[in-house]
Each structure stands twice: as structure tokens, then as C-alpha cells.
Amino acid sequence: MAKQNVAEQFVDILVRAGVKRLYGVVGDSLNPVVDAVRRNAGIDWVHVRHEETAAFAAGAEAQITGRLTACAGSCGPGNLHLINGLYDAHRSMAPVLALASQIPSSEIGLGYFQETHPDQLFRECSHYSELISSPKQMPRLLQTAIQHAVGRSGVSVVSLPGDIADDPAPDKPLETALVTTRPTVRPGDTEIDKLVEMIDKAGRVTLFCGSGTAGAHAEVMEFAGKIKSPVGHALRGKEWIQYDNPYDVGMSGLLGYGAAYEATHECDLLILLGTDFPYNAFLPDDVKIAQVDVRPEHLGRRSKLDLAVWGDVKETLRCLTPRVKEKQNRRFLDKMLKKHADALEGVVKAYTRKVEKHVPIHPEYVASVLDELADDDAVFTVDTGMCNVWAARYISPNGRRRIIGSFSHGSMANALPMAIGAQFTDRKRQVVSMSGDGGFSMLMGDFLTLVQYDLPVKVVLFNNSSLSMVELEMLVAGLPSYGTTNTNPDFAAVARACGAYGVRVEKPKQLAGALKDAFKHKGPALVDVVTDPNALSIPPKVSTEMVTGFALSASKIVLDGGVGRMLQMARSNLRNVPRP
């Protein structure tokens, strides 16, 4: 039997760790690894057109499956292209292993062609970033990188010179058992005792939930019911907590709606569950706050805490709920539910007026129809910008759908690459990329990846020929819009030229039929919807203090536009309020 080289050993360990695909672009320093993938039946090479796409795709696959994923870039410019997608994966807590191929080991530090130092460059967007400078470091260094990525839920980067990848692997490598799943973390009894005491003393408690509530929907609902608490959520908590929630009061933050802001400010005790909500301007500074998070470094970095609880949300609530006293008074909850319903009633009219005749098409209407027609277990990948608004307000979670975006990193051009990674996990599951024309055109080359692999991703393109979120930022800041206009082609024609299904929609009456036809198509499809760039209206009172790097801050109702089926849910919850 021929002796393994380092590249073959590297690939074998990835397979043993559960990695199914290696996303990347081939290059000379990567050749030994790519050839090892070619000869290993347990893993596939996914050839994308840009390494940034590779990192976004790997991050999305990790978020869908919860498993370790991998991407790769050749030396210098090749692996540098990974960095934006890796930042996003790291901030989304997605376990990703990135292979940053390196120049010949004998040339490092001598200004060689394409020389960079990836082991240094990727440190800020990873838990672990190291260089393999000798075959003797294998497999321990790679195993350590995997443990960091899985154990700490983020990115690890391994830099590997091409010549070392081709060297013989150690004769008898030490291979330890690999960690491929995370444990649950239970808080200490002292913290549970303190939290029970705070809850029992508080007359009005509000829960504010983030992505850390994934898998804990039943526990949150039981807890909220026992203490009669309104439940608000951040954008990343939407898919996990909004559905089947009789205590829902909407979302707080830059894209917020409903009564979440009021509920977090008018309570006696605010409990933050699994959220690293970044906008402290939306958090109160005059109520008691307790925070529960599995990542201790998240505790207290957004607001002053009265109690920090280190633990999984699910395990914490399992300990907590049986011990708290059931509250009998639900006046605060009912008041917030009514405010929530009233708030949604006030804004829903914005997109219902003559939408069937409005040209260019209201983007709110597009999102609403998309929500109605998409599968109950669809995966939506969402571009940063106005597509975030439409997804936050119109895509209805149900416990089976997934909504993935660059919600923590805020990168453009993420939706299409993420859709690639999501679709590879299950070709039969519907994957919809909600793309803006700015984001789509930035990495449009990887539409060809859909065609090459016949991935049935459906791209719904909100085409308003502008960077409309940036225009909003400029408007609020009192600046004229400048440099935000896109001169676009007929994207449907471009899709057809690439070998995919493409249709252009310019009138509202064409929309439902176009989406249905695209969804029925077995391969990749693009629906180019010409939308109104002026669809967004601004709140009546806007001050310079409301401006942030993303959009508006310190506004209770940030954007005026509809809220789709959320109004129906709010009305239903309100009907269920007990009458005296």
C-alpha cells in the first residue's frame, strides 16, 4: 500500500469529521489537496467561481446542518477572497474549517510571488489560525483546528504550503477522537436561585430572544406562559421563536415592528435569551436585565446586567421553569399584545393600497406573494439591505422554514452563495435566494455554479436599479443620494443565456404566475422582478441621533410598510386574551 502524503491525510481527517464537501477554486498550491479529494469517495470538490462564494456556501451549509463544513483557497489572492465569507460564518457561529494554501515553505518571508501570511490575516475572523510548517504537525494541528471550530462554533483556518501538502505523512500519526457535536451547558445552582428570585419579585417580565433559542421553542413558550411574559425577538431569533407564539410582540432593532420596543422598556425585568443583539440604543437602561447565553463573552457586552447566566437557553429554562411561581396577573402581557396588534394594523395599509395596479411593483407585495407560494419547509437566503426588511416583515416562520442571511456581519452579495451551500444539503428541498440587484450583480458569476451543478435554487431578484438601503441612509443623514444607481441588464435574459430558466416581471398581475412557474421548474431559475425604488417611507420624526451605519436607530417603528401574515397572528393572539 502506497504511503499517504499530507494532503491525503488532511482529506481523510475532514471526512472522518463529517465534512461532505470542500468549496473552492483550484490553484497550483492546492493541487495536492484537490487531487486527494478526487480520489476520496467520502468527499466532493465544489468548484465555485469566486472564493468568497465558497466561504459563504460553507457557512450556510453549516447553519443548515449544524455540522462542520469546509472551504479552500489557493495561495495569496485565492485564500484572501475567502475572508469576507469567513467573517460572516464566524459571526454567525457556523463551524467552518478553511484551508488557506500557502506558497512553498522555503520561500515564506522572502517576498515570493503571491506571498501573504494567512495564519496572521485570518486571526480576527477565527478561533484558530495556524500554519503547518512540517509534516510532523499532522494530524494534531488539523484535529486541534476542528475542535476549535466545532467546540466554539466558529471558524478555524489551517495554512498549508503546497510542497508540504505533497510530502509524505508521518508513519504513525497520533489520531485522537474528534469532537463533532457540542455539549449542553447547565448554569450553576447559584445563578438559577438568583434568577428565580428576580422573576418572582418582578411584576412585569419581558423575554427578548435571539438565535440562541434554536431548539428551545417549547421551553420558551412554557416559561412565558407561566410568568405571563410578552416575547419579542431579534432578527436572528425570528425563525426560532415567532411561530406558534401566543405571546409574540414582534421584533426590535433597526427593522423592528410591533410592540417589542415597548415591551422591553415598560417591564420590571427584561430577560435576554440567547441574543447578542448589537443595537444597545434599543435596550432599556432603567429596568433590571438578566441575560442567558452559552457564550460567556456575550454576557453584558451590550447592556449593564443585574444577572449574567452562563448556559444554554434550553437547559436553563428546564431548570428554571419548574421553580418559578406562576403569575396570575396578565395585565401587562395583554396590554402588550393589544399594542402589538394596533401597531401592525397601523402599518399594514401601506402595501395594500392598489398594489395590483402599482407599477413599478411594490417590493412588499412581492415578498408577501413569495411567502404565500413558497414551500412550508423552504430555505430563504436573504441579501443584506432592503431584502432584510422584506424577509423580516413578510416571510412567515413555522418551525420548518429556515431564514439565513448576513445578519451579524451585514455583507452584500451573500444570498446567492448561501443558497448554493443550502441547496447542496438537500436537492429536493426548496431554496429561495431573495436577492437585491446590487448584491446579485456583485457575485453574479456564481449563478453559473447553479447551472454547472444543476442546483434547483430559485433566485427572486428584487430589481429596483439602486442601492436603496444606502439611499435611505443618505436621506436620513440629510444627504442627496449619490453613487447608488445601477444600470442593469435584463437579468432574466442573462439567466437564459447561462442555461437557466429566466423570466422578467414588470406588472403585479404577472407575479404569482411567474413565481409558480419558476418553482415548478426542476433546475435553477431566476425571476427578475422590477420593483419600486421609492417603496420605503420614513417615520414622521427623524433626528440625526437616529442614524447608524446601517439605517435608523432609536425609532420605535423604523420602517413603514406591511407586515404580511404577522398581522393575522397578532389578531389571533388578541382574540385569545381572556375577557373579565
Side-chain angles (χ1 to χ4, degrees), residues 93 153 182-234 236-249 252 260 263-277 283-284 287-334 336-337 399 573:
M93 297 176 64
S153 293
R182 287 173 56 85
T184 56
V185 179
R186 181 196 183 281
D189 290 335
T190 301
E191 285 69 34
I192 293 293
D193 291 343
K194 290 179 180 177
L195 188 51
V196 168
E197 183 180 359
M198 291 176 72
I199 294 168
D200 287 347
K201 285 183 177 179
R204 303 182 302 274
V205 183
T206 292
L207 307 182
F208 186 69
C209 302
S211 61
T213 58
H217 183 275
E219 286 76 10
V220 174
M221 294 303 106
E222 182 184 4
F223 181 56
K226 191 169 185 180
I227 64 171
K228 308 301 184 287
S229 170
V231 178
H233 60 268
R236 289 192 65 200
K238 174 184 172 72
E239 63 178 329
W240 306 114
I241 215 68
Q242 186 191 21
Y243 69 96
D244 295 340
N245 181 355
Y247 316 106
D248 177 56
V249 291
S252 191
T264 57
H265 283 71
E266 295 180 22
C267 59
D268 298 325
L269 173 63
L270 173 63
I271 304 178
L272 307 175
L273 293 177
T275 179
D276 191 33
F277 184 67
L283 294 174
V287 304
K288 288 187 176 181
I289 301 178
Q291 183 178 2
V292 179
D293 207 292
V294 74
R295 299 281 286 266
E297 66 270 25
H298 289 178
L299 295 169
R301 72 177 183 178
R302 307 300 184 196
S303 57
K304 184 178 180 298
L305 298 182
D306 295 275
L307 181 64
V309 180
W310 181 10
D312 296 326
V313 171
K314 189 170 187 174
E315 289 300 314
T316 301
L317 294 183
R318 282 177 172 176
C319 298
L320 187 64
T321 302
R323 296 188 52 190
V324 297
K325 296 176 183 177
E326 182 166 5
K327 296 187 185 297
Q328 303 303 319
N329 188 335
R330 53 176 292 151
R331 283 197 297 269
F332 177 61
L333 170 60
D334 294 344
M336 290 302 117
L337 290 175
N573 289 344

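From a predicted model like this one, the values you see are computed outputs, not experimental measurements. Both backbone and side-chain heavy atoms feed into the values below; hydrogens, waters and symmetry mates do not.
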Taking all atoms of both residues into account, what is the closest heavy-atom pair of [X] and [Y], and its distance?
{"X": "G311", "Y": "V292", "result": "O-CG1, 3.7 Å"}
{"X": "V249", "Y": "A263", "result": "CG2-CB, 4.0 Å"}
{"X": "V220", "Y": "L207", "result": "CG1-CD1, 4.2 Å"}
{"X": "L195", "Y": "A290", "result": "CD1-CB, 3.8 Å"}
{"X": "S252", "Y": "A260", "result": "N-CB, 3.7 Å"}
{"X": "Y247", "Y": "G225", "result": "OH-CA, 3.2 Å"}

What residue among D312, T275, I241, L317 forms side-chain contact (heavy atoms from CB on, under 4.5 Å) with T213?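 Result: among D312, T275, I241, L317, I241 is the only option passing the side-chain contact (heavy atoms from CB on, under 4.5 Å) with T213.
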Name the one of T316, V313, V294 that satisfies side-chain contact (heavy atoms from CB on, under 4.5 Å) with V185?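 Of all the options given, the one that passes is V294.
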Counting C-beta onward and ignoring hydrogens, is there a side-chain heavy-atom pair between [X] and [Y] closer than 4.5 Å?
{"X": "V205", "Y": "K327", "result": "yes"}
{"X": "L320", "Y": "I199", "result": "yes"}
{"X": "K228", "Y": "E326", "result": "yes"}
{"X": "I192", "Y": "R323", "result": "yes"}
{"X": "T321", "Y": "K226", "result": "yes"}
{"X": "S211", "Y": "W240", "result": "yes"}
{"X": "L337", "Y": "R330", "result": "yes"}
{"X": "Q291", "Y": "R302", "result": "no"}

Hey, what do you get for [atom1] ([X]) to [atom2] ([Y]), rounding to the nearest 0.5 Å?
{"X": "H217", "Y": "E219", "atom1": "NE2", "atom2": "CD", "value": "10.5 Å"}
{"X": "R204", "Y": "E266", "atom1": "CZ", "atom2": "CD", "value": "8.0 Å"}
{"X": "E315", "Y": "T184", "atom1": "CD", "atom2": "OG1", "value": "4.0 Å"}
{"X": "I227", "Y": "T206", "atom1": "CD1", "atom2": "OG1", "value": "8.5 Å"}

Where does the angle between the aromatic ring planes of F208 and F277 fall among parallel (under 30°), tilted (30 to 60°) and perpendicular (over 60°)? perpendicular
Taking only Lys NZ, Arg NE, NH1 and NH2, and the carboxylate oxygens of Asp or Glu, determine whether E197 and K194 approach each other closer than 4.0 Å.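 Looking at E197 and K194, the cut-off is not met.
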In plain terms, say whether D268 and K201 are close enough for a salt bridge, that is, a side-chain N and a carboxylate O under 4.0 Å apart.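 No.
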Yes or no on side chain to side chain contact (heavy atoms under 4.5 Å, CB included) for D306 and M198, after CA distance, side-chain angles and deciding distance? CA-CA 9 Å; D306 295 275; M198 291 176 72; 3.9 Å; yes
Run the numbers on R186 and R318 for side chain to side chain contact (heavy atoms under 4.5 Å, CB included), then give the verdict. CA-CA 9 Å; R186 181 196 183 281; R318 282 177 172 176; over 6 Å; no
Might you confirm whether atom NZ of K288 has over 12 heavy atoms from other residues, nucleotides or ligands at distances under 6.0 Å?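 Check fails, neighbour count at 12 or below.
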Take R301 and D276 through the test salt bridge (charged side-chain N to carboxylate O under 4.0 Å, His left out) and record every step on the way to the result. CA-CA 8 Å; R301 72 177 183 178; D276 191 33; 2.4 Å; yes
Going through the distances and angles, do L283 and T264 end up as a side chain to side chain contact (heavy atoms under 4.5 Å, CB included)? CA-CA 7 Å; L283 294 174; T264 57; 5.7 Å; no
Show your reasoning for whether side chain to side chain contact (heavy atoms under 4.5 Å, CB included) applies to I271 and S229. CA-CA 10 Å; I271 304 178; S229 170; over 6 Å; no
